[in-house]
Amino acid sequence: MESRHADPLTGLLPVLRSFVRWARRPLQPAVRLWRRNIQLRVVATTLLMSLGVVLLLGVVVIGQVKNGLLDAKRQTAQSQAVGGFAVAKENARNVTGNSDTDAGADGHSQTDTATWLNNLVENLASSGQGVYSVVALSSAQEQPTSVGVDSPGTHAPRGSGGVRPEESVPADLRKALDEESDVFERYTSMKSDSVPDGEPALIVGQRLSDPNGKPFQLYYLFPFDQEEKTLGLVKGTLATAGIFVVVLLGAIAWLVVRQVVTPVRMAARISERLAAGHLQERMKVTGEDDIARLGESFNKMAHTLQVKIQQLEDLSRMQRRFVSDVSHELRTPLTTVRMAADVIHEAREDFDPATSRSAELLQNQLDRFESMLSDLLEISRFDAGAAALEAEPIDLRDVVRRVVDGAEPIAERKGSRIVVHGDEQPVTVEADARRVERVLRNLVVNAVEHGEGHDVHVRMASAGGAVAVAVRDYGVGLKPGEATRVFNRFWRADPARARTTGGTGLGLSIALEDARLHGGWLQAWGEPGGGSQFRLTLPRTGADSLRGSPIALEPEDSRRNRDLATALSHRGMPAGATALDAVTPPAPAHHGFPAPRFAAPAIPSMPFTPPRPPAADPAALPGNGARVVGHRAGGGTVTHPTTEDEAREDDD
């Protein structure tokens with residue numbers, strides 16, 4: 001049941017990952033440019049920071065200008081409104097005095113109130129056309145019988161400049177004026193026939209009395225159109241200046257950073273060319289500043305490196321020439337000594353025991369000396385780049401049989417057996433049979449000599465575009481870190497031991513060069529007291545490149561895997577389960593390398609289980625792995641460069 005519930009989520013995760021990769025793909029070039037271009041980052045950061053500073057400065061300046069305009073507007077409005085209220089009061093008193101003198105009992109003075117208000121509004125608004133408008137409204141003590149209709153003793157709404165009085169005056173302001181006779185002001189939206197939606201304005205009002213002594217409300221409305229124009233002009237000026245300043249700061253940052261980055265980029269390019277072998281490259285130095293001193297120091301360093309490398313190359317060339325010459329020159333005396341030693345060795349039966357034993361020791365040391373000369377000559381060919389590969393289609397089973405037959409006498413003396421697995425089907429590969437046989441002979445003989453009398457297992461497998469041969473022993477094994485040093489020339493795990501066994505110390509180095517010449521991998525694994533395993537992986541054809549190996553580098557019967565198997569068995573996992581089974585269900589092999597089926601070795605204390613397909617192993621081959629593959633049948637020579645970086649990249 002749990003697996004059924006997990007299936008939809010398991011199927012959805014790959015879709016989500018694919019969608020994320022698809023969404024990130026268009027952004028990858030920009031992200032890569034941002035990471036690699038320091039000049040772009042500095043200029044972009046400068047522009048963003050400058051933009052922030054300009055925006056902050058603009059907000060502050062606009063706020064200050066706005067507050068200043070509002071304060072000036074309020075002072076002007078207060079002054080003009082108070083003056084107008086004073087004029088209205090004086091006009092009402094004058095009209096009241098005249099009415100008391102001239103009016104009769106028929107009340108004609110009351111019929112002149114509407115006319116007086118109209119004249120008052122027009123007179124007050126005549127001097128402020130375009131600057132302010134005047135509105136007169138009735139007070140709460142006396143409301144008009146009908147809006148817009150004058151009747152004796154009433155104050156209908158009146159306004160100048162097409163202002164809509166009742167819509168423009170806030171209700172709270174009218175209420176405040178009804179309660180008190182002070183001067184009040186408010187910010188409002190002034191609506192008129194030309195601007196029905198309204199425009200911002202400052203309104204100042206006061207409650208007054210008409211000539212008849214009845215209250216009414218008089219308002220001055222000051223629109224902010226001029227202030228808005230001024231504020232808009234300030235905003236436009238600040239925006240233009242801000243854009244100009246930001247662009248100017250960006251250009252300055254670009255120029256300044258360019259002066260610093262250009263020498264650094266030049267140094268990076270020259271460093272790459274120096275690393276590629278162009279040791280004569282130098283930086284162009286101008287001036288006497290810090291960058292110039294950096295360039296001079298860089299050039300001195302490059303010159304010193306060139307001199308040192310040239311000295312090392314000359315020394316290495318002399319050493320290789322010396323080794324080659326000495327090896328060749330020693331051939332002639334060695335042949336003579338060999339002939340004399342053979343004669344003495346054949347006649348050792350006629351000598352006394354001490355002389356006979358000396359003859360046997362002489363014969364054995366001459367064999368080692370001759371083997372060392374051959375290895376030195378072979379190493380000198382690799383160092384000189386003169387090693388050639390004569391590749392042809394071969395069956396690795398035949399090569400393994402010849403190696404096993406040759407190592408059987410040594411295995412019998414050690415009490416070991418050599419067990420071969422995976423030879424049921426042909427394992428064909430395009431390779432140099434002589435070099436492959438030399439590699440496998442070295443691996444098998446080393447496994448027998450260091451196997452402590454245990455059996456040695458040789459496994460072959462083929463999958464995809466690769467073939468592999470692994471040699472497993474159960475001897476002293478390798479300590480941590482020795483799996484890579486074991487291929488060094490003349491390296492020994494225990495330097496204190498006398499070099500009486502194990503060959504010349506050049507076998508694994510030559511084997512590594514042979515594997516590299518094929519474009520293949522030669523890798524080692526080992527654990528202290530648990531034995532070791534050496535794996536040779538070759539491309540099936542010269543045109544193939546390795547992406548993985550059909551045999552795992554760490555065997556399934558290693559101590560770590562046995563401990564994991566024990567832990568998994570306690571958790572109820574099947575007997576053949578591995579650590580991979582604890583976290584994921586069984587899946588097809590990666591890179592097209594299925595798990596080969598091998599016969600289990602006859603080692604009761606170390607049960608063997610078939611290895612699971614490994615992920616691609618990195619190519620543990622230092623240096624340049626250029627190889628020359630000569631096809632005997634084709635009559636030509638094809639060069640296939642295979643570097644360590646390419647192998648690692650393909651493997652990833």
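This is a predicted model, so every value here is computed, not measured.
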N/O donor to acceptor pairs below 3.5 angstrom from side-chain atoms of residues 336-346, sequence neighbours left out:
unit_1, atom_1, unit_2, atom_2, d
Thr336, OG1, Thr332, O, 3.3
Arg338, NH1, Asp367, OD1, 3.1
Arg338, NH2, Asp367, OD1, 2.6
Arg338, NH2, Glu370, OE1, 3.2
Asp342, OD1, Gln363, NE2, 3.2
His345, ND1, Arg348, NH1, 3.0
His345, NE2, Arg348, NH1, 3.4

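Scanning for side-chain contact (heavy atoms from CB on, under 4.5 Å) contacts around Glu349 gives an empty result, with sequence neighbours left out. Taking the side-chain contact (heavy atoms from CB on, under 4.5 Å) definition, one finds that Ser358 meets it with nothing, sequence neighbours left out. For Asn488, the side-chain contact (heavy atoms from CB on, under 4.5 Å) criterion is met by Arg485, Trp491, not counting sequence neighbours. Partners of Asp314 according to the side-chain contact (heavy atoms from CB on, under 4.5 Å) rule, which considers only residues two or more places apart in sequence or in another chain, are Gln310, Arg317.
The pair Arg516-Glu513 meets the salt-bridge criterion, with a side-chain N (NZ, NE, NH1 or NH2) lying under 4.0 Å from an Asp/Glu carboxylate O. A salt bridge links Glu437 to Arg402: one of the charged nitrogens lies within less than 4.0 Å of a carboxylate oxygen. Contact check on Glu272 versus Arg269 returns no salt bridge, with no Lys/Arg side-chain nitrogen under 4.0 Å from an Asp/Glu carboxylate oxygen.
Sorted by first and then second residue, the salt bridge (Lys or Arg N to Asp or Glu O under 4.0 Å) pairs with a member in residues 19-28 form an empty list; sequence neighbours excluded.
Ring pair Tyr474/His454 is perpendicular by interplanar angle, where above 60° counts as perpendicular and below 30° as parallel.
Looking at Glu554 and Arg560, their side chains come closer than 4.5 Å, going by heavy atoms from C-beta outward.
Asp395 places no side-chain N or O within 3.5 Å of a backbone atom of Pro426 that could act as its donor or acceptor partner. Using modelled atom types, one side-chain atom of Glu527 and one backbone atom of Arg559 make a donor-acceptor pair closer than 3.5 Å. Using a distance-only test at 3.5 Å, with no hydrogens or angles considered, no donor-acceptor pair links the side chain of Glu452 to the main chain of Gly529.
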